[in-house]
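Presented below is the structure to which this report refers.
Computed from a predicted structure; not experimentally measured.
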Amino acid sequence: MAERSIWKPSTWSRTKAEPVTYLRGRHAVTDEELVAWEPVQVGPSAVAAIQGPCPVCGDHTRQSVEQGKLASGAAGAEETLAKKDRLTVVCECACEINHPDAAVPPTHWQSCGRWWLATVRLAPGGQGQPVRAATDESMLEAAQAARKAMTNDEATVRSAAEKWIAAVTALIGLFGLAGLLAGKDSFVGLPEEAVLIVAAAALVAVLAAASAIILANRAAYGWPTVVDISNDEALERWYVNQRTVVEKAARRLRTAVRCALLSLAALMVVVGCNAFWPRGIAVQITRVDGSGVCGTLIDTKTPTELRIKRSNGDVTSVPATAIKTVIASPGCS
C-alpha cells in the first residue's frame, strides 16, 4: 500500500495509514480544515497557486489559480471582503496517492475524488487565514466554469486557430473576387455614373462578404481572448458574459447570413451594370487632313456628322465629309 503524507498545520509527518476510499463528490470544507493551506507566490505579492492537505484524505494537494495580488496577514478574525478583494476557487484533491474505490475489484485513483470551494484573500493587509472555506455560494457556478476553461484553454485556442485558417484563406480569396469585379476591361465604355455605381457595389460586395465570413466563424468557433478572472468581481463579470455566448453566437450567425445576402445583391448589381448598362463606342477618327479625334461616340441630331466625347469631357463634331477612317479603339474611352 502506498505511503501517505499527512500534512498537519505547520508541520509535516509521514505515517502508514489506510487510504481514504475514492468517492467523487463535494466536501463541505471548514476553515479549520484549511488552516494549513497557504498561497504559492511567484513574486513579492503575486499568487499562482494554493496548496495544503486535502481536508478528506490529508494528502498534500495543490490548486492553480489565476494570478492576482495576495496579502499575507497574521492569524485572527477574518474581515468581510469585497468581491474585488477575493478569489473563489474550486479545489480538487490531486494528491497522486492511490485511493481505491468501492468497486469489486477496486479501481485505484490518484485522488480521493473530493472537491471543495475555497476563498483566497487578495485584499492588501487585513487579518485571518489567506485561504478559507468559501461562504458565497453564488460564486460556485462561476468558479466551476473558470476551472473548466483554465483546464482546456490551450486546446481551445489551438482548435479555434485551426478552424480559423479556412476563414483567413477565404478572406484572401476575396482579392480574387475583387480582381474579377474590377478587371481592366470592366468599366470600358461605361458612363461615369455607371462606373461610380459599379465601384460602390463592388466595394460593398467585398466588405459584406468579408463580414459574413468573420461573423460566421466567430459564431461557430468564437474568438480566443485573454480575460482577467483574478478576483471574484472579474470572475463574476466573465461568467455573466459567458452565459450570453449562445445568444451572441446566434446574433452573429443571423448577421452573417444578412451580410452574405447583401454581398450577393451587390455582386448582382455589378454584373447587371456590366452586362446591361448601355456603353458608348470608343473610336479613333482620322480626318482627311491627317488630324485625329479620339473618344466615345455620342448621339447626334444630323446624319452628316459624328459627335465625339473626348476623355476630358469636351465634345467635338466631325463632318462626314472630313472623315477619312473610323476604327474602334477601346483605349479612346
Side-chain angles (χ1 to χ4, degrees), residues 4-13 15 17-40 47 49-66 68 70 72-73 75-83 85-103 106-123 126-151 229-233 235-236 238-239 243:
R4 295 178 58 217
S5 301
I6 308 286
W7 191 359
K8 298 178 181 179
S10 304
T11 63
W12 280 91
S13 66
T15 63
E18 288 297 321
V20 172
T21 300
Y22 174 87
L23 180 64
R24 181 67 181 170
R26 182 177 180 180
H27 172 68
V29 73
T30 64
D31 288 346
E32 290 73 18
E33 291 172 318
L34 298 181
V35 70
W37 277 67
E38 60 187 12
V40 177
V47 57
I50 54 176
Q51 65 180 5
C54 171
V56 177
C57 68
D59 297 312
H60 175 249
T61 191
R62 177 187 175 112
Q63 172 65 51
S64 297
V65 300
E66 181 70 15
L70 178 78
S72 58
E78 180 76 5
E79 71 275 23
T80 301
L81 296 176
K83 289 183 177 180
D85 296 327
R86 71 184 192 222
L87 174 62
T88 301
V89 181
V90 175
C91 299
E92 183 175 349
C93 179
C95 61
E96 299 186 354
I97 302 297
N98 283 333
H99 290 272
D101 59 20
T107 300
H108 289 267
W109 303 78
Q110 298 294 298
S111 163
C112 72
R114 273 57 162 208
W115 62 272
W116 59 96
L117 206 59
T119 296
V120 184
R121 188 180 69 245
L122 305 174
Q127 300 292 320
Q129 295 175 212
V131 182
R132 298 178 68 94
T135 57
D136 189 353
E137 286 293 318
S138 67
M139 297 302 301
L140 173 59
E141 290 185 5
Q144 288 176 321
R147 177 180 174 83
K148 182 178 179 180
M150 290 174 65
T151 301
I229 52 172
S230 58
N231 58 58
D232 277 2
E233 186 176 68
L235 176 61
E236 188 173 48
W238 169 81
Y239 183 61
R243 296 177 69 177

Shortest non-hydrogen separation from C93 to S111 and the atoms involved:
O-OG, 2.7 Å
Which atom pair, heavy atoms only, marks the closest approach of A118 to V131?
CB-CG1, 4.1 Å
Rounded distance [0.5 Å steps], CD1 in I97 versus CG in D59:
5.0 Å
Mind checking what makes ring-ring contact (aromatic ring centres under 6.0 Å, His included) contact with W109, not counting sequence neighbours?
Y22
Please examine the side chains of V89 and V120, heavy atoms only from C-beta on, and report whether any two atoms are closer than 4.5 Å.
yes
Find out whether V90 and Q63 are in side-chain contact, i.e. whether some heavy atom of one side chain is under 4.5 Å from a heavy atom of the other.
no
Side chain to side chain contact (heavy atoms under 4.5 Å, CB included) with Q110: which residues, sequence neighbours excluded?
E96, N98
Please find the pair of heavy atoms, one from L34 and one from A133, that lie closest to each other, and give the distance.
CD1-N, 3.5 Å
Taking D31 for the side chain and R132 for the main chain, is one N or O donor matched with an acceptor at less than 3.5 Å?
no
Give me the atom names and distance for the closest heavy-atom approach of T21 to A102.
CG2-N, 4.0 Å
Can you tell whether the side chains of R62 and E92 come within less than 4.0 Å, N to carboxylate O?
no
Residue pair C95 / H60, side-chain heavy-atom distance below 4.5 Å:
no
Check step by step if side chain to side chain contact (heavy atoms under 4.5 Å, CB included) holds for H99 and H108.
CA-CA 5 Å; H99 290 272; H108 289 267; over 6 Å; no
Which atoms form the tightest heavy-atom contact between A28 and E33, and what is the distance?
O-OE1, 4.0 Å
Minimum heavy-atom distance L117-V29, with the two atoms named
O-CG1, 3.6 Å
Please report the C-alpha distance between E38 and I50 in whole Å, then the side-chain angles of each, then the deciding distance to 0.1 Å, and finally whether the side chain to side chain contact (heavy atoms under 4.5 Å, CB included) criterion is met.
CA-CA 6 Å; E38 60 187 12; I50 54 176; over 6 Å; no
Roughly how far apart are Q51 CD and C91 SG, rounded to 0.5 Å?
11.5 Å
